[in-house]
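Here's the structure, in structure tokens; my notes come after.
Numbers restart at 1 for each chain; the letters A, B, ... are given by sequence-line order, proteins then strands. Computed from a prediction, not measured in an experiment: that's the story for all the values here.
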Amino acid sequence: MDTSYRFDAIESDVQARWEAADAFRVVADDREKFYCLSMFPYPSGKLHMGHVRNYTIGDVISRYHRMCGRNVLQPMGWDAFGLPAENAAIKNGVPPAKWTRENIAAMRAQLKQLGFAYDWSREIATCDPSYYRWEQWLFTKLFEKGLVYRKESVVNWDPVDQTVLANEQVVEGRGWRSGALVEQRAIPQWFARITDYADELLDDLDQLDGWPEAVKTMQANWIGRSTGLEIDFAVAGQASESAEPLTVYTTRPDTLHGATYMALAADHPLVAARAATDPALAAFCEECRTAGTAEAELATREKKGYRLDIEAIHPLSGEALPVFVANFVLMGYGTGAVMSVPAHDQRDWEFATAYDLPIIPVVADVDGQAPDVSAAAAAEKGVLINSGEDDGKDFGAAFADIADRLEARGVARRKTQYRLRDWGLSRQRYWGAPIPIIHCDDCGPVAVPEADLPVELPEDVTPEGAGSPLPDMPEFVNVDCPACGQPARRETDTFDTFMESSWYFARFTCPDAGAMLDERADYWMAVDQYIGGIEHAILHLLYARFFQKLMRDVGLATHDEPFKALLTQGMVLKDGAKMSKSKGNTVDPQTLIETYGADTVRLFSMFAAPPDQSLEWSDAGVEGANRFLNRLWKLVAVHVEAGITAPASHAEGEAAELRRKVHETIAKVGDDVGRRYTFNTAIAAIMELVNALGRVEAAPGNALQAVRQEALEAVVAMLAPIAPHICDALWRALGHEGLVMDAAWPTADEGALVRDTLTLVVQVNGKVRARIEVPADADRDTVAETALADENVIRHIDGQRIKKTIVVPGKLVNLVV
RNA sequence: GCCCGGGUGGCGGAACUGGUAGACGCGUCGGAUUCAAAAUCCGAUUCUGGUGACAGAGUGCGAGUUCGAGUCUCGCCCCGGGCACCA
């Protein structure tokens, strides 16, 4: 055996063996299945460190479960539609299809170089018509069921480039290329009724035991189910005696007595009507419209309003309240009108302070006093004050009584509402899956019949920046209506790319199925472990959960939830910041693989931090990982030189001590890899064992030689999921045939773990003063006596009376004086 | 602004259920090897005082609960993720 570690020869040799054995192709069988999925990448051109980390985590988990005897599916594919391909086309004049497919080829080669155990026979690229035809098909089914619909919705419009911009293309209110002030335009778009599934999406979070609590909390808050009251405020005013009442929704009807004004969205019908005759109001509404609708911006922008010449009648007091148009109220959220209670809502408080409106506290603080609202609103619930007949009631009683009285008068309704909004599916872009709809003057929007699917995206096109080229392509647009046969127009919007990523996990189980899914999905689904970035905690994961339920409800799937367990990976940082080209702090995995080999890169990625935390990249740390593999290689070489033997199955004396370390390590690594997913501590434990083995003087026939054989076999097997190439080579060097990934994951020998004595810590008043050695089976009194006999302990007790003795078995003794 | 995380030596991190703070790795310093260097190997390495045994301080800041708090509670500060058309 070569005494030096030559990663390049080893990695290409081992990868050739995997290839020859077709080692990662899987089909359903009668073993327990394990479906391990890492979020597929956008094919941007080459892998970045975030990918390497994500896919190494998935590969380690996959290979571990394989060694535990499970039938493991680990597929890979490409989230191939999206904006960057269009940007590249504009910049370089390359058609997005060509650019994307070249990127896929390059990144596939890199993934193979890293040695990930993917079943490549299942590879999917979402830009292939054979893939997107099935989401087009599902869309037509949802259209039949009324689960998708068309409504007006605003987009960012660049008046110079004459195109719709994504939010990230709007920089400080201007188009990123043209620099023009971006306008908000309402256009008809397709929406999916995700709100019909809001209750199920919320309630089923309880089933997801394998998900981080943080992600479940974020999703629950995003869905935002609330129970409240919808209240009608009659309108009074010079010109609008006959106006419809203003309807608001509130979760705090207990504060109704404190409502001192109302605020309306600029797009509220009542406002629009008045703006026609009031140029100043029209100008204010225009200003509101150009301001953008991102929630963050809405929440932080300076509160501005415009007083209308109407008043709203308070449903309890009959008082006339002023009515404003406000720039922080949006028509798309709730009813487009809010009742404002400045004493108990911070946003209302800020507006009231700016416009000098009354702030009347109606909920007492914890001491039963009127809260101080001179500096901020008091949002906490409490007992009512300044509320007439409702004084003294708590939140629940006040809510119930006020709701009952208003409902009896027919001016309010109890209502459950959601923060979640329906999912806008339309994008006015080229590089996406065409929405399978044909617009007919007589029949309206008609779904493309199943026989005509897929609606293929013309690929030989290079967008030049002035919006999607599709509307300008008569051969794409002009089509006969499937219903009446008259000339009609094809829809030119494409799907949101979240559509493709909402069901790829299911398609991987049957990538060549002649339907969206087939019976193979029933065997492999649900995904047992899903791994991806925390940035997808809400949108992608919520849409995927929604799609799973849609597929179930059209009879294609049996599971309610797509992902049993979720691991959210932290970001990869360099110098404390996210790697980015603009900061110039990127690290190219390719260079590292060429310098140190895939195993070193994989090892360091897993060693530097636990998977769910951010990882600080360190070139010096990579060298350390490489050094460890070198040491391991040499250790095995020295052992093999001395002669391989049968592994030990028991040991005495010095050898027993080493053997205990071996089995302690096996127990710890099994727990860290299999349960905790803390690969960093698993690697640390393996390093400790390797360090200990390096100190052993073993000779042929020596009892230590057999223990070392046992230990090295365990080390190589346990490290194999992380550094699979070197371990595969070492496995054979240790005298085995075949691939290490077909070996069984090591199990600890309980008998080897037994200790005769334990080291306990002795504290006096909680401070460590000594360490004592006691028999493992010593009782409380023996332990306490031994502790009291220690010299340093006696000194610190200093003759004082011992008030309390706390003995924590196996850990410590605390003497309180 | 709102929702969700995080903050521990010079650095990445460990401490899993309230029980030895700093495992493992990096870096640094000292030594071995070498003509010399690289590589490799051995040793030291939280800070302060002490030759030392040892003592004191210490987990973003401030309080609290407890025999005992990095871990639990309350209030702050800072950093990161998400906020619906980036993926």
Check your understanding: Just checking A:Lys216: base, sugar-phosphate only, or nothing, at a heavy-atom cut-off of under 4.0 Å?
Key -> nothing

Review point. Do A:Asp496 and A:Tyr543 get their side chains close enough for a donor-acceptor pair, meaning under 3.5 Å?
Key: no

Practice item. Identify whether the glycosidic angle of B:G10 places it syn (within 90° of 0) or anti. Key: anti

Practice item. Please give the nucleotide sitting opposite B:U71 as a Watson-Crick or G-U wobble pair, both distances under 3.5 Å, or none. Key: none

Review point. Side-chain donor-acceptor pair under 3.5 Å between A:Asn630 and A:Arg627, yes or no?
Key: no

Point to revise | A:Arg676, CZ: over 12 other non-hydrogen atoms inside 6.0 angstrom | key: yes

Review point. Of all the choices, B:A23, B:G25, B:C83, which nucleotide is nearest to the side chain of A:Arg631 once you look at every atom?
Key: B:G25

Review point. To the side chain of A:Val761, which of B:A84, B:U20, B:G82 is closest?
Key: B:U20

Check your understanding: Contact class for A:Glu623 (heavy atom, under 4.0 Å): base, sugar-phosphate, or nothing?
Key -> nothing

Exercise for review: May I ask which nucleotide in the shown strands pairs with B:G80, Watson-Crick or G-U wobble, both distances under 3.5 Å?
Suggested key: B:C4

Exercise for review: Identify which nucleotide among B:G19, B:A14, B:A87 has an atom closest to any side-chain atom of A:Asn680, counting heavy atoms from C-beta outward.
Suggested key: B:A14

Exercise for review: Answer with base, sugar-phosphate or nothing: what part of the nucleic acid does A:Asn691 contact at a heavy-atom distance below 4.0 Å?
Suggested key: sugar-phosphate

Exercise for review: Determine the interplanar angle of the A:His540 and A:Phe498 rings, folded into 0 to 90°, and report it as parallel if under 30°, tilted if 30 to 60°, perpendicular if over 60°.
Suggested key: parallel

Review point. How far, in whole Å, is B:U73 from B:A87 if one measures between their C1' atoms?
Key: 39 Å

**Study point:** Distance, P atom - from B:U28 to B:C67, rounded to whole angstrom
**Key:** 47 Å

Exercise for review: Pick the P atom in B:C35 and in B:G27, then give their distance to the nearest Å.
Suggested key: 26 Å

Exercise for review: Would you mind telling me which of B:G81, B:U20, B:A84 lies closest to the side-chain atoms of A:Leu420?
Suggested key: B:A84

Point to revise | Base paired to B:U59 (Watson-Crick or G-U; both N/O distances under 3.5 angstrom) | key: none

Exercise for review: Go through B:C16, B:C4, B:U20 for me and flag the one nearest to the A:Arg676 side chain.
Suggested key: B:C16

Check your understanding: Taking any strand in view, what nucleotide pairs with B:U45 in a Watson-Crick or G-U wobble way, both distances under 3.5 Å?
Key -> B:G27

Review point. With both distances under 3.5 angstrom, what nucleotide forms a Watson-Crick or G-U wobble pair with B:U40?
Key: B:A32

Exercise for review: Take atom C1' in B:G82 and the same atom in B:A14, then report the distance between them in whole Å.
Suggested key: 30 Å

Review point. Where does the angle between the aromatic ring planes of A:Tyr132 and A:Phe81 fall among parallel (under 30°), tilted (30 to 60°) and perpendicular (over 60°)?
Key: tilted

Exercise for review: Tell me, yes or no, whether the heavy-atom count around A:Glu697 atom CD, taken from other residues, nucleotides or ligands under 6.0 Å, exceeds 12.
Suggested key: no

Exercise for review: Go through the steps to decide whether A:Lys668 and A:Glu664 satisfy the test salt bridge (charged side-chain N to carboxylate O under 4.0 Å, His left out), and finish with yes or no.
Suggested key: CA-CA 6 Å; A:Lys668 167 142 183 76; A:Glu664 280 173 353; over 6 Å; no

Exercise for review: Determine the Euclidean distance between corresponding C1' atoms of B:C77 and B:A23; express it in Å to zero decimal places.
Suggested key: 31 Å

Practice item. Output yes when at least one side-chain N/O atom of A:Asn814 is less than 4.0 Å from OP1 or OP2 of B:G19, else no. Key: no

Check your understanding: Is there a donor-acceptor pair under 3.5 Å between the side chain of A:Tyr55 and the backbone N or O of A:Gly50?
Key -> no

**Study point:** Under 4.0 angstrom between A:Asn630 side-chain N/O and B:A39 OP1 or OP2
**Key:** no

Review point. Which listed nucleotide (B:G81, B:G19, B:C67) is nearest to the side chain of A:Ile534?
Key: B:G81

Review point. Of the candidate nucleotides B:G12, B:A15, B:C24, which contains the atom at the shortest distance from the side chain of A:Glu616?
Key: B:G12

Review point. Across all strands, who's sitting opposite B:G52 as a Watson-Crick or G-U wobble pair, both distances under 3.5 Å?
Key: none

Review point. In terms of ring plane angle, is the pair A:Phe351 and A:Phe328 parallel, tilted or perpendicular, where the classes change at 30° and 60°?
Key: perpendicular

Check your understanding: Taking the P atom of each, how far is B:G10 from B:G5, in whole Å?
Key -> 29 Å

Review point. Between A:Asn156 (CG) and B:A84 (P), how many Å, whole number?
Key: 10 Å

Review point. In terms of side-chain heavy atoms of A:Ala620, which of B:G25, B:A87, B:C26 is nearest?
Key: B:C26

**Study point:** Short side-chain N/O contact from A:Arg627 to OP1 or OP2 of B:G27, under 4.0 Å
**Key:** yes

**Study point:** Contact letters for nucleotides 52-58 of chain B, in which S counts primed atoms plus P, OP1 and OP2 and B counts the base, heavy atoms under 4.0 Å
**Key:** --SSSS-

Practice item. Can you tell me the pairing partner of B:C86 across any strand shown, Watson-Crick or G-U wobble, with both distances under 3.5 angstrom? Key: none

Review point. Roughly how far apart, to the nearest Å, are B:U59 and B:G52 at atom P?
Key: 25 Å

Review point. To the side chain of A:Met218, which of B:A87, B:C4, B:G13 is closest?
Key: B:C4

Check your understanding: How would you label the contact of A:Met571 with the nucleic acid (heavy atoms, under 4.0 Å): base, sugar-phosphate, or nothing?
Key -> sugar-phosphate

Check your understanding: Given the C1' atoms of B:C24 and B:U8, what is the spacing between them in whole Å?
Key -> 16 Å

Point to revise | A:Gln763 CD - B:G18 C1' separation (whole Å) | key: 12 Å

Review point. Closer than 4.0 Å, any side-chain N/O of A:Thr217 to the OP1 or OP2 of B:C4?
Key: no

**Study point:** Proximal nucleotide (of B:G81, B:G19, B:A14) relative to the A:Gln613 side chain
**Key:** B:A14

**Study point:** Check: A:Tyr131 side chain, A:Tyr504 main-chain N or O, donor-acceptor pair, under 3.5 Å
**Key:** yes

